[in-house]
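Here is the structure we will look at.
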Amino acid sequence: MHTTHAIPLPGHRTLTLGPRPTLMGILNVTPDSFSDGGEHARLDAAIAHARAMIAEGADIIDIGGESTRPGATPVSTQDELDRVIPVIEALIATGVTTPISIDTYKPLVADQAIQAGASIVNDVHGLQGAPEMADIAALHGVPVIAMHWDKARDLTRPIADEVRRYFEITIAIAERAGIERANLILDPGFGFAKALSDNYAMLNATQTLAKGGYPLLIGTSRKSMIGKLLGNDPHDRLAGTIATTVMAYAQGAHIFRVHDIRPNRDALRVAQATLYGPPET
Ligand code: YH5
């Protein structure tokens, strides 16, 4: 069911994907995401949140300036840099070795983030936005998470077909830019220009979305596909989130981008034991 992938990271490190689920912790760095105690308090809160997620078992920390959310007000490049770069620098300076991904579609932000110590690019434009994005990733030799987000897609075609076709283009762009095969991770992009029925059709089709044998990342945590179904607020969506991560895991997904590390990790370990048997001793 789960293919094994050894993804090289800068500094002679490796991100190993396989039967063992990989948890990515979401670190939002936005003016309103932490109490209004000024610049320094905000940085401290971000560092503390990252450390808490690492203590709970996060394998990757995904840092975002929130310009990527569907419907979010676009953030200027400078504002995004001012938000994310100090956090990356502080994490590295305080000895964090957990790989850091940068959630941005802006090549300059990706470039600066990698230079500050991030080792994975998380592009919600699937390498199909700014052409420089693929070049930056190739230049630094870092892995890319390429997410499906097609605001102009053919609404008459089944969503899974659309996502697979979009991935073919992403793969071609990555190849042409010189991104190594082993450095590409695909993501169907839950909640990004998708109807509720699209999100669930995609989740149910997870097994068929791993185009070309690339590993898949799933980002469903607390999203409205759960809230619309259950009629609840983001903070009450953990049980629903876990249903989605386990369903995706059972169909071969490798990486789970979540807010709540420990409960998702616990559930996914039980799912792993179910599919592969409990780990020895
Ligand atoms: C993703 O799926 N999503 S930002 C609305 C919510 C909750 C969460 C309350 N970046 C993804 O997390 N990167 C985002 O409702 C992402 N995959 C990848 N690769 C949106 C988000 C969110 C939005």
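All ligand and atom numbering here is 1-based and tracks the order in the structure.
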Any idea which atoms of ligand 1 are less than 4.0 Å away from a heavy-atom of I145? 19 (N)
What atoms of ligand 1 come within less than 4.0 Å of a heavy atom belonging to D103? 10 (N), 14 (C), 16 (C)
Counting heavy atoms under 4.0 Å, the part of V124 that contacts ligand 1 is side chain
Among all protein non-hydrogen atoms, which one is nearest to atom 18 (C) of ligand 1, and what is the separation to 0.1 Å? D187 OD2, 3.1 Å
Residue pair H2, Y249: steps toward the ring pair (Phe, Tyr, Trp, His ring centres under 6.0 Å) verdict: CA-CA 9 Å; H2 286 91; Y249 174 78; 4.3 Å; yes
Under a 3.5 Å distance rule, please check whether R257 uses its side chain to pair with a backbone N or O of M24 as donor and acceptor. no
Checking Y200 side chain against M225 main chain: does a donor-acceptor pair fall under 3.5 Å? yes
Could you list the atoms of ligand 1 found under 4.0 angstrom from a heavy atom of N122? 13 (N), 18 (C), 19 (N)
If we only consider heavy atoms of G64, is any one of them less than 4.0 Å away from an atom in ligand 1? no
Using heavy atoms and a threshold below 4.0 Å, how should the contact between M24 and ligand 1 be classified: side chain, backbone, both, or neither? neither
Any atoms of ligand 1 less than 4.0 Å from a non-hydrogen atom of P234? List them with their elements. 9 (C)
Identify the protein heavy atom lying closest to atom 21 (C) of ligand 1, giving its residue, its atom name and the separation to 0.1 Å. K223 CE, 3.5 Å
Provide the number and element of each atom of ligand 1 under 4.0 Å from a heavy atom of G219. 2 (O)
Can you tell me which residue and heavy atom of the protein come closest to atom 15 (O) of ligand 1, and the distance to 0.1 Å? R222 O, 3.4 Å
For R164, does its backbone N or O pair with a side-chain atom of H148 as donor and acceptor, under 3.5 Å? no
Per-atom contacts of ligand 1 with S221, taking only distances under 4.0 Å to non-hydrogen atoms: 7 (C), 8 (C)
Salt bridge or not for R153 and E162, using N-O below 4.0 Å? no
Pi-cation contact, F256 with R265 (under 6.0 Å, within 45°): no
Going by an N to O cut-off under 4.0 Å, is there a salt bridge joining R176 and D135? no
Using modelled atom types only, decide if a donor and an acceptor are shared between the side chain of D187 and the backbone of G189 within a distance under 3.5 Å. yes
Among protein heavy atoms, which sits nearest to atom 23 (C) of ligand 1, and what does the distance come to when rounded to 0.1 Å? R69 NH1, 3.7 Å
Name the one of D260, T98, L27, I60 that satisfies side-chain contact (heavy atoms from CB on, under 4.5 Å) with M53? L27
